[in-house]
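Notes follow once the structure below has been shown.
Start at 1 and go down the list; that is how both ligands and their atoms are numbered. Worth saying up front: this structure is predicted, and the values here are computed from it rather than measured.
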Amino acid sequence: MTEPNNLTLSHDDIRNFVPKADSLLGKSILVTGAGDGIGRVAALTYASLGATVLLLGRTSSKLEYVYDEIESMGGAQPAMLPMNLENATFTEMQQLEVMINKEIGALDGLLHNAGILGSLTPLEMYDADLFAKVMKVNVTSTLMLTQAMLPRLKAAPNGSIVFTSSSVGTHPRAFWGAYALSKQAVEGMSDIFTQETQNTTNLRFNCINPGATRTNMRAHAYPGENPLSLKTPEDIMAGYVCLMSDDSINVHGQVVALQPKN
Ligand SMILES: NC(=O)c1ccc[n+]([C@@H]2O[C@H](COP(=O)([O-])OP(=O)(O)OC[C@H]3O[C@@H](n4cnc5c(N)ncnc54)[C@H](OP(=O)(O)O)[C@@H]3O)[C@@H](O)[C@H]2O)c1
């Protein structure tokens, strides 16, 4: 997407955002895939800036570890939401929304970060079951969870939904198969939600493309690469914080590349 010139914050401003200690104070933010990689660091970063973080992921032991890290740094008590997005039902997600309303009382932000890579294979040979699994985790569950959380997010004064794309979502590339197509779909979902809600709610929808980042997923995609040559999740947190903070309340429908040269 071309960067519009009427943004109150440019993409450079978002990438280089300098948070204040209370940038997210009083906000409650749900992070999917919060047990590892970028999601884990986003959850810790949000908690360090005052947010109550709801940790959603499929591996409970990883969520427990992040929960303990937040408690030991003195952050607001987080919540653990074990859920496998591959087979979670819409009813289960709605039950989560009811629980959040009862236990936390509000939801200000939703970071859709969880994702799977599938395989790097020509489309001609792509396994249909694996294709469906990638689409379920990366796209369908993202839509379902957004729908389920909308009542809480619409009630927030400045709700923010952030999707996670990829360079191959913005520009599809040979052999990236279901993953690239799923990220294209996520960018489209953010765009359509933006168009459908911009005149009726205070909600904003944006996409982040983190760029090459030192995580397990990246290591699987590029096994020969030296991980030390990559940015860490900590290095790219400015954009993740900015899009959740009230500094970005006028930023809608953007795809923000955090490492534009990747
Ligand atoms: N790293 C990069 O270079 C890069 C570049 C562009 C875009 N991205 C995107 O950034 C996001 C985070 O990627 P990452 O590199 O941090 O990946 P990662 O290290 O593989 O972490 C992915 C997270 O998603 C969770 N997850 C996977 N399947 C799930 C499911 N069925 N239900 C619930 N949670 C599930 C994982 O849980 P478990 O730990 O329990 O498996 C893990 O916490 C993804 O959307 C990815 O596509 C990453």
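With respect to atom 47 (O) of ligand 1, the closest heavy atom belonging to the protein is Tyr179 OH, 2.6 Å. What sits closest to atom 5 (C) of ligand 1 on the protein, heavy atoms only, is Gly211 O, 3.4 Å. The protein heavy-atom contact nearest to atom 6 (C) of ligand 1 is Pro210 CG, 3.6 Å. Among protein heavy atoms, atom 43 (O) of ligand 1 sits closest to Gly33 O, 3.3 Å. Ranking protein heavy atoms by distance to atom 20 (O) of ligand 1, first place goes to Met217 CB, 3.5 Å. For atom 32 (N) of ligand 1, the nearest protein heavy atom (residue, atom name, distance) is Leu85 N, 2.9 Å. In terms of protein heavy-atom proximity, atom 39 (O) of ligand 1 is closest to Lys62 NZ, 2.7 Å.
Note on ring orientation: taking the six-membered ring where Trp is involved, the planes of Trp176 and Tyr222 are tilted (angle from 30° to 60°).
Remark: among candidates His220, Arg58, Met83, the nearest residue to atom 37 (O) of ligand 1 is Arg58, based on non-hydrogen atoms. If you check each of Asp36, Val168, Val186, Thr215 against atom 42 (C) of ligand 1, the one with the closest non-hydrogen atom is Asp36. For atom 2 (C) of ligand 1, the candidate residues are Thr213, Leu81, Val41, Ile116; the nearest heavy-atom contact is made by Thr213. Nearest-residue assignment for atom 22 (C) of ligand 1 (options Ser60, Gly115, Gly37; heavy-atom criterion): Gly115.
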Let me see the working for Ile116 and Glu86 under side-chain contact (heavy atoms from CB on, under 4.5 Å), right down to the final yes or no.
-> CA-CA 10 Å; Ile116 55 174; Glu86 192 184 328; 5.8 Å; no
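Polar contact check, Ala34 against ligand 1: no nitrogen or oxygen pair lies under 3.5 Å apart. Considering both main-chain and side-chain atoms, Ile38 comes within under 3.5 Å of ligand 1 through a nitrogen or oxygen pair. Geometrically, ligand 1 and Leu56 share no nitrogen or oxygen pair separated by less than 3.5 Å. Annotation: Asn113 places an N or O atom under 3.5 Å from an N or O atom of ligand 1; distance criterion only.
Heavy atoms of Arg214 found under 4.0 angstrom from ligand 1: none, in either backbone or side chain. Residue contacts with ligand 1, taken as heavy atom pairs separated by less than 4.0 Å, involve Ala114 via backbone and side-chain atoms alike. With a heavy-atom cut-off of 4.0 Å, Ala88 does not touch ligand 1 at all. Residue contacts with ligand 1 for Thr59 involve both N, CA, C or O and side-chain atoms from C-beta outward (heavy atoms, distance under 4.0 Å).
Among Thr52, Val53, Val41, Leu54, the single residue meeting the side chain to side chain contact (heavy atoms under 4.5 Å, CB included) criterion with Tyr46 is Val53.
We find the NZ-CE distance between Lys62 and Met80 to be 14.5 Å, quoted to the nearest 0.5 Å.
Here the closest heavy-atom approach between residue Ser190 and residue Cys207 is recorded as CB-SG, 3.8 Å. The minimum heavy-atom distance between Tyr67 and Pro78, with the atom names listed, is CE1-O, 3.3 Å.
Taking 4.0 Å as the cut-off, Ser167 does not count as a neighbour of ligand 1 on heavy-atom distance. Taking 4.0 Å as the cut-off, Ser165 counts as a neighbour of ligand 1 on heavy-atom distance.
Taking a 6.0 Å sphere around NZ of Lys136, one finds it holds more than 12 heavy atoms contributed by other residues, nucleotides or ligands. Enclosure of atom OH in Tyr65 is not indicated, since only 12 or fewer non-hydrogen atoms of other residues, nucleotides or ligands lie within 6.0 angstrom.
Side-chain N/O atoms of Asn206 and Ser160 include no donor and acceptor closer than 3.5 Å. Side-chain contact check for Asp191 and Thr194: no donor-acceptor pair (N or O, by modelled atom type) lies under 3.5 Å.
Listed by atom number, the atoms of ligand 1 under 4.0 Å from Ala212 heavy atoms are 3 (O). In summary, the atoms of ligand 1 found under 4.0 Å from a heavy atom of Thr164, numbered by their order in the structure, are 9 (C), 10 (O), 11 (C), 45 (O). Atoms of ligand 1 found under 4.0 Å from any heavy atom of Asn216, numbered from 1 in the order shown, are 19 (O). Every atom of ligand 1 with a heavy atom of Asn84 under 4.0 Å away is listed here by number and element: 30 (C), 31 (N), 32 (N).
Taking 4.5 Å as the limit, some side-chain heavy atom of Arg40 sits within range of a side-chain heavy atom of Leu44. In this structure the side chain of Asn101 reaches within 4.5 angstrom of the side chain of Arg152, judged on heavy atoms. At least one side-chain heavy atom of Thr197 sits under 4.5 Å from a side-chain heavy atom of Phe205.
Using a 4.0 Å cut-off between a side-chain N of Lys or Arg and a carboxylate O of Asp or Glu, Asp246 and Lys27 qualify as a salt bridge.
Of the possible donor and acceptor atoms, none in the side chain of Asn202 sits under 3.5 Å from a partner among the backbone N and O of Asn158.
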